[in-house]
*Asks:* 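One structure coming up, written as structure tokens, with questions to follow.
This is a predicted model, so every value here is computed, not measured. Position 1 is the first residue of the sequence, and the numbers go up from there.
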Amino acid sequence: MALERTFSIIKPDATERNLTGKINAVFEDAGLRIVAQKRIQLTQKEAEAFYGVHKERPFFGELVSFMISGPVVVQVLEGENAVALHRDVMGATNPAEAAEGTVRKLFAKSIGENSVHGSDSLENAEKEIKFFFAEKDILP
Ligand code: CMP
């Protein structure tokens, strides 16, 4: 197993319902360490750039306007196999398909308002972490 870092966002539907601590507890209980974290308001430009890979998708406009509708918490999580482990504890993108005990089963409202984002590969994790954090601000 390899020690990895992944990137996480606690989305506006979750910050609005004051769920940051409960979601962080799920991550920590699964063995992930929060090694950087900040609560920020994304701008439209930032959200469009961050989700650029989805810009041709029919839900892109909805996704961007949701992600700027309130504060988000951006995080770096560290642990053994952190990318896959984090995806497991988040659960399926669509909460109707998410397994019991996962963040999305517990808290997500819909496929769009699904409480959390996580990197889908180690390569994307590195890019997404760099989008929001300087190395000096990541403290294992
Ligand atoms: P996320 O992991 O943040 O990456 C892209 C997001 O697009 C995804 O989570 C979903 O929240 C969102 N998404 C995917 N499919 C749809 C959809 N059909 N309608 C609205 N949002 C979607």
Side-chain angles (χ1 to χ4, degrees):
M1 295 224 283
L3 191 67
E4 293 178 352
R5 284 178 182 172
T6 194
F7 175 73
S8 163
I9 306 179
I10 299 177
K11 296 186 179 184
D13 68 285
T15 59
E16 204 268 330
R17 288 176 287 154
N18 210 21
L19 292 171
T20 300
K22 288 198 171 85
I23 291 172
N24 280 346
V26 175
F27 294 159
E28 291 181 339
D29 288 347
L32 292 161
R33 177 176 291 271
I34 301 161
V35 294
Q37 173 171 263
K38 57 188 174 186
R39 183 174 170 104
I40 59 171
Q41 173 66 51
L42 288 174
T43 65
Q44 175 143 352
K45 269 195 175 163
E46 283 169 337
E48 285 174 354
F50 181 80
Y51 279 117
V53 57
H54 296 302
K55 67 172 178 296
E56 305 305 331
R57 303 279 195 100
F59 56 81
F60 182 68
E62 195 185 317
L63 173 61
V64 168
S65 56
F66 167 59
M67 291 301 291
I68 65 172
S69 67
V72 297
V73 177
V74 293
Q75 307 174 304
V76 181
L77 307 178
E78 191 174 85
E80 295 292 332
N81 289 328
V83 174
L85 175 58
H86 183 227
R87 294 186 71 75
D88 278 353
V89 296
M90 285 194 299
T93 303
N94 184 349
E97 293 162 12
E100 288 299 329
T102 61
V103 171
R104 285 167 172 156
K105 178 71 176 186
L106 288 166
F107 304 120
K109 296 165 83 171
S110 66
I111 193 167
E113 299 192 22
N114 66 352
S115 302
V116 282
H117 163 83
S119 307
D120 61 4
S121 67
L122 201 50
E123 189 189 354
N124 283 336
E126 275 181 36
K127 287 184 198 158
E128 293 178 357
I129 289 168
K130 281 203 180 103
F131 193 96
F132 288 103
F133 292 97
E135 190 58 37
K136 71 172 178 55
D137 296 323
I138 303 172
L139 301 168

*Asks:* Mark yes or no: Lys11 above the aromatic ring of Phe107, with NZ or CZ under 6.0 Å from the six-membered ring centre and no more than 45 degrees from the axis.
*Replies:*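 No - Lys11 does not lie over the ring of Phe107 by the 6.0 Å and 45° rule.
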*Asks:* Using 0.5 Å steps for rounding, measure from the CD1 atom of Ile34 to the CD1 atom of Ile138.
*Replies:* 13.5 Å
*Asks:* Going through the checks in order, is the side chain to side chain contact (heavy atoms under 4.5 Å, CB included) test met by Arg57 and Tyr51?
*Replies:* CA-CA 10 Å; Arg57 303 279 195 100; Tyr51 279 117; over 6 Å; no
*Asks:* Nearest heavy-atom pair of Val83 and Ala125: which atoms, and what distance?
*Replies:*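 Closest approach of Val83 to Ala125: CG2-CB, 4.3 Å.
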*Asks:* Same hydrophobic cluster for Val73 and Phe132, using side-chain heavy-atom links shorter than 4.5 Å among ILVMFWY?
*Replies:* no
*Asks:* Could you go step by step and tell me if Glu16 and Glu113 meet the side chain to side chain contact (heavy atoms under 4.5 Å, CB included) rule?
*Replies:* CA-CA 11 Å; Glu16 204 268 330; Glu113 299 192 22; over 6 Å; no
*Asks:* Out of curiosity, Lys127 NZ to Leu122 CG, how far, rounded to the nearest 0.5 Å?
*Replies:* 11.5 Å
*Asks:* Could you give the distance from NE2 (His117) to OG1 (Thr6), rounded to the nearest 0.5 Å?
*Replies:* 7.5 Å
*Asks:* Check for me, please, whether Leu85 and Met90 land in the same ILVMFWY cluster - side-chain distances under 4.5 Å, paths through other members count.
*Replies:* yes
*Asks:* Return the orientation label for the Phe131 and Phe50 ring planes: parallel under 30°, perpendicular over 60°, tilted otherwise.
*Replies:* perpendicular
*Asks:* Which donor-acceptor pairs under 3.5 Å do the side chains of residues 63-72 make with protein atoms, sequence neighbours left out?
*Replies:*
| unit_1 | atom_1 | unit_2 | atom_2 | d |
| --- | --- | --- | --- | --- |
| Ser65 | OG | Gly61 | O | 3.1 |
| Ser65 | OG | Glu62 | O | 3.3 |
| Ser69 | OG | Phe66 | O | 2.6 |

*Asks:* Of all the heavy-atom pairs spanning Glu4 and Ala82, show the shortest one and how long it is.
*Replies:* OE1-N, 3.2 Å
*Asks:* Could you check whether any side-chain N or O of Arg87 sits under 3.5 Å from a backbone N or O of Gly118, counting only pairs where one atom can act as donor and the other as acceptor?
*Replies:*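 The answer is yes, because a donor-acceptor pair under 3.5 Å joins these two groups.
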*Asks:* Write down the atom of Asp137, the atom of Ala36, and the distance for their closest heavy-atom approach.
*Replies:*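 So the minimum-distance heavy-atom pair works out to O-CB, 3.5 Å.
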*Asks:* Please find the pair of heavy atoms, one from Val89 and one from Ala30, that lie closest to each other, and give the distance.
*Replies:*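 That closest heavy-atom pairing would be CG1-CB, 3.4 Å.
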*Asks:* Going by an N to O cut-off under 4.0 Å, is there a salt bridge joining Arg33 and Glu78?
*Replies:*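 Salt bridge flag = no for Glu78 with Arg33.
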*Asks:* To the nearest 0.5 Å, how far apart are CG in Leu32 and CG in Asn24?
*Replies:* 10.5 Å
*Asks:* Strictly below 4.0 Å, N to O, side chains only: are Glu135 and Arg5 in salt-bridge contact?
*Replies:*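 Salt bridge flag = yes for Arg5 with Glu135.
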*Asks:* Can you measure from CD1 (Ile10) to CG (Leu19) and round to the nearest 0.5 angstrom?
*Replies:* 9.0 Å
*Asks:* Test side chain to side chain contact (heavy atoms under 4.5 Å, CB included) on Val74 and Ile9; report intermediate values, then the result.
*Replies:* CA-CA 5 Å; Val74 293; Ile9 306 179; 4.2 Å; yes
*Asks:* Does any N or O in the side chain of Lys38 come within less than 3.5 Å of the main-chain N or O of Phe133, such that one atom is a donor and the other an acceptor?
*Replies:* no
*Asks:* Heavy-atom count around Lys55 NZ within 6.0 Å, excluding the residue itself: above 12?
*Replies:* no
*Asks:* How far does OG of Ser115 sit from CG of Leu106, to the nearest 0.5 angstrom?
*Replies:*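 That separation rounds to 9.5 Å.
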*Asks:* Closest approach of Thr102 and Ala98, non-hydrogen atoms and distance?
*Replies:*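 Of all heavy-atom pairs spanning Thr102 and Ala98, the closest is OG1-CB, 3.6 Å.
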*Asks:* So if you build clusters from Ile, Leu, Val, Met, Phe, Trp, Tyr with side-chain heavy-atom gaps below 4.5 Å, do Val76 and Ile40 land together?
*Replies:*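 Linked within one cluster.
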*Asks:* When the ring planes of His86 and Phe27 are compared, do they come out parallel, tilted or perpendicular, using 30° and 60° as the limits?
*Replies:* perpendicular
*Asks:* Has the side chain of Gln75 got a donor or acceptor atom that lies under 3.5 Å from a matching backbone atom of Ser8?
*Replies:* no
